[in-house]
Asker: 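Sharing a structure with you now.
Counting starts at 1 for both ligands and their atoms, in listed order.
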Amino acid sequence: MEQKREQWGSRWGFILAAMGSAVGLGNIWRFSYAMGDGGGSAFLIIYLLSVLLIGFPVMLIEFSIGRRAQTDAVDAFKKIAPKTGWVVAGGMGVLAAFLILSFYGVIGGWSLRYTMAYVTGGITGDSSEFFGGFISSAVSPVLWQFLFMAITIAIVYLGVQKGIELSSKWMMPILSILLVLLAVYSLTLGGAQEAFAFMFQPDWEAFTDPSVYISAMGQAFFTLSLGMGAMLTYASYLDPSARLTSSAAIIIGLDTLFALVAGLVIFPALFAFGLDPAEGPGLVFVVLPNIFEALGGVGALVGFAFFLLLSMAAISSAISLLEVAVAYFIRKLNMSRKKVTLIVGLIIFLLGVPSSLSQGAVEITIFGASFLDFMDAFTGNLLLPLGGLIMVLFVGWTWTKKEVLHHGDIEDNAFGPAYLLTAKFVAPIAILFVLIIGLINW
Ligand code: PHE
Ligand code: NA
């Protein structure tokens, strides 16, 4: 029997859930280390350009496909373009959901572990020793990863309105306020000047480094949850009359702001404490404890609040990853949401264990990177841009102008012509260009 598809309770429910998907570890954990590795300002400029020229059209395109098709990421292509190859984008999306959530759950577990550390007195002394000791043990990080996945599974299990929508509604504002307060404090620590130079003073030489392009564009896709059908799936629970363009603008604006403010928390503190920006994926877990320690008495409380909110932001992103796979298998296997969520969630947890172990417990490397770092770079920098490329080509080149404008909700909007041009040429060419640079470099 055909099950009735769920829907958002309101347009704001959708916006908040999509915002919850976008704002996550990508803005704080991934953004700061990718920018640290990418040399700062050159990365930031290419990232911002990618968000504007690629992120915006790709988000609107995913929304258009999802709202039009009213079904999951795979079925959407089958429904709109039966018996064509475009469905590969949906299949890649479901695959990306498994792969991304597998390592995302590991970092989510780290955040939970740090939240707990601040309940029990905080992290004092050498923060990089504490971090290294924790992630390189075999059992403890896996247990925290399990806890993180269990919470994610529980929310998706409850469904679209009662789980996803409700949980996204109240935590975003609190996290924003806390982040701004922390940035203000971090800027007083004495590293502000160096941080500004690092973040905003263009270093022209860095633009000649091909790896900066691919990592900055990959970051734009990752942070906006694009290229794997998460935004498509969320938009499929929308009433066909819901507005899309303003939603996309709000989500992108906020996500970008979050990343920038996170940069203003992390880099001034990093320079103030004499740490190295190219510290890698552990950056926030090493830098932030220094700030909280420097805060003195209230430090443990602020540290607790910060990591709790980071964990919650991570969970609201993780549920969107899980939902892509769950929505697909509910329809494909015609099984209940509850059963599918438990099975798929458990498989993804198991898939993540090697990522967790690769941080020191067991030597697991691919192409010279740890398994976790490889999964992160492979999915973010390759799979997502490729998925996004296929989706823009699908809409830009197989839909009529009228369809593109109508389903993108941009028909009586002054930006219509620019959007058409971007969907057809600018975004696909830009993505392809960066992918080719990346491939040649590799
Ligand atoms: N956008 C999320 C973040 O920044 C991660 C994510 C990627 C979520 C892809 C869904 C899909 O943390
Ligand atoms: Na993000």
Side-chain angles (χ1 to χ4, degrees), residues 16-35 47-48 50-51 55-56 58-59 62-63 66 73 89-90 92-111 148 152 155-156 164 168 171-172 175-176 179 215-235 248 250-263 281 284 309-328 348 352 375-388 391:
L16 285 164
M19 230 180 235
S21 169
V23 176
L25 294 168
N27 303 60
I28 298 170
W29 162 74
R30 200 178 192 280
F31 175 77
S32 60
Y33 95 74
M35 181 152 145
Y47 160 77
L48 290 174
S50 305
V51 166
F56 191 80
V58 172
M59 186 174 288
E62 280 204 35
F63 283 171
M92 281 166 54
V94 174
L95 175 71
F98 278 83
L99 299 184
I100 295 177
L101 187 51
S102 76
F103 74 81
Y104 203 87
V106 173
I107 316 293
W110 295 357
S111 313
F148 180 87
T152 304
I155 295 174
V156 174
I164 302 174
S168 307
M171 48 173 249
M172 283 301 137
L175 183 59
S176 327
L179 209 59
S215 79
M217 182 179 75
Q219 174 61 20
F221 272 93
F222 188 91
T223 193
L224 297 174
S225 307
L226 295 177
M228 49 83 61
M231 291 302 182
L232 187 162
T233 303
Y234 272 16
I250 294 171
I251 295 159
I252 291 178
L254 198 95
D255 187 83
T256 308
L257 201 66
F258 251 92
L260 289 174
V261 177
V284 291
L309 289 162
L310 182 66
S311 305
M312 296 200 303
I315 287 164
S316 65
S317 299
I319 57 185
S320 72
L321 286 158
L322 185 53
E323 182 64 21
V324 170
V326 165
Y328 167 67
I348 293 176
M375 290 292 255
D376 178 11
F378 172 73
T379 53
N381 299 350
L382 189 69
L383 211 51
L384 297 185
L386 212 56
M391 289 194 264

Asker: Starting from atom 12 (O) of ligand 1, find the nearest protein heavy-atom neighbour and note its residue, name and distance.
Answerer: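 The protein heavy atom lying closest is Tyr104 OH, 2.5 Å.
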
Asker: Give me the nearest non-hydrogen protein atom to atom 3 (C) of ligand 1 as residue plus atom name, then the distance to 0.1 Å.
Answerer: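 The closest heavy atom on the protein side is Ala22 O, 3.2 Å.
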
Asker: Any side-chain heavy atom of Val58 sitting closer than 4.5 Å to one from Met391?
Answerer: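 No; the side chains remain at least 4.5 Å from each other.
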
Asker: Before moving on, can you tell me the angle at the Na ion (ligand 2) between the OD1 atom of Asp255 and the OG1 atom of Thr223, to the nearest 10 degrees?
Answerer: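 Angle OD1(Asp255)-the Na ion (ligand 2)-OG1(Thr223): 90°, rounded to 10°.
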
Asker: Can you confirm whether Trp110 sits close enough to Leu25 that some side-chain heavy atom of one is under 4.5 Å from a side-chain heavy atom of the other?
Answerer: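 In short, these two side chains do not touch, never coming nearer than 4.5 Å.
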
Asker: Under 4.0 Å from any heavy atom of Ser320, which atoms of ligand 1 are there?
Answerer: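 Those of ligand 1 that fall under 4.0 Å from Ser320 are 8 (C), 10 (C).
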
Asker: Quick one: does Phe63's side chain get under 4.5 Å of Ile251's, heavy atoms only?
Answerer: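 Phe63 vs Ile251: side chains touch.
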
Asker: Leu25 to ligand 1: N or O pair under 3.5 Å?
Answerer: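 Looking only at distances, the answer is yes, because the N/O contact criterion of under 3.5 Å is met.
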
Asker: Test your reading of the model: is there a side-chain donor-acceptor pair from Ser102 to the backbone of Gly352, 3.5 Å cut-off?
Answerer: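 Such a contact is absent between Ser102 side chain and Gly352 backbone.
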
Asker: If you have a sec, work out which protein heavy atom is nearest atom 8 (C) of ligand 1 and how many Å separate them, to one decimal?
Answerer: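 For atom 8 (C) of ligand 1, the nearest protein heavy atom comes out as Ser225 OG, 3.3 Å.
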
Asker: State whether Leu25 contributes an N/O/S atom found under 3.0 Å from the Na ion (ligand 2).
Answerer: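 Not a single backbone or side-chain N, O or S atom of Leu25 is under 3.0 Å from the Na ion (ligand 2).
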
Asker: At a 4.0 Å threshold, what atoms of ligand 1 neighbour a non-hydrogen atom of Met228?
Answerer: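 By the 4.0 Å cutoff, the relevant atoms are 11 (C).
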
Asker: Look at the N, O or S atoms of Asn27, main chain and side chain alike, and state whether any lies under 3.0 Å from the Na ion (ligand 2).
Answerer: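 True for Asn27.
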
Asker: Check whether any N, O or S atom of Ser225, backbone or side chain, sits closer than 3.0 Å to the Na ion (ligand 2).
Answerer: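 No, Ser225 does not qualify, because none of its backbone or side-chain N, O or S atoms lies under 3.0 Å.
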
Asker: Nearest to atom 2 (C) of ligand 1 by heavy atom, Gly24, Gly26, Ser21: which?
Answerer: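 Of the listed residues, Ser21 has the closest heavy atom.
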
Asker: If you define the side chain from C-beta out and look only at heavy atoms, does anything of Leu226 sit under 4.5 Å from Leu384?
Answerer: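 When only atoms from C-beta onward are counted, Leu384 and Leu226 do not touch, as no gap falls below 4.5 Å.
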
Asker: Relative to ligand 1, is Phe222 under 4.0 angstrom through side chain, backbone, both or neither, heavy atoms considered?
Answerer: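 Near ligand 1, Phe222 shows its backbone as well as its side chain.
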
Asker: Looking at side-chain heavy atoms only, is the closest gap between Thr233 and Tyr328 below 4.5 Å?
Answerer: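 Heavy-atom side-chain distance check fails, nothing below 4.5 Å.
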
Asker: Determine whether Phe258 and Thr223 make a side-chain contact, defined as any pair of heavy atoms from C-beta on separated by less than 4.5 Å.
Answerer: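 Heavy-atom side-chain distance check fails, nothing below 4.5 Å.
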
Asker: Number the atoms of ligand 1 from 1 as they appear, then name those within less than 4.0 Å of a heavy atom of Asn27, with their elements.
Answerer: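 Those of ligand 1 that fall under 4.0 Å from Asn27 are 4 (O).
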
Asker: Could you check whether the rings of Phe103 and Trp29 sit parallel, tilted or perpendicular, using 30° and 60° as the cut-offs?
Answerer: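 Phe103 and Trp29: tilted rings.
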
Asker: Heavy atom under 4.0 Å from ligand 1: found in Arg30's side chain, backbone, both, or neither?
Answerer: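 Neither part.
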
Asker: Any heavy-atom pair between the side chains of Asp376 and Arg30 that's under 4.5 Å?
Answerer: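 Yes. Closest side-chain heavy atoms under 4.5 Å.
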
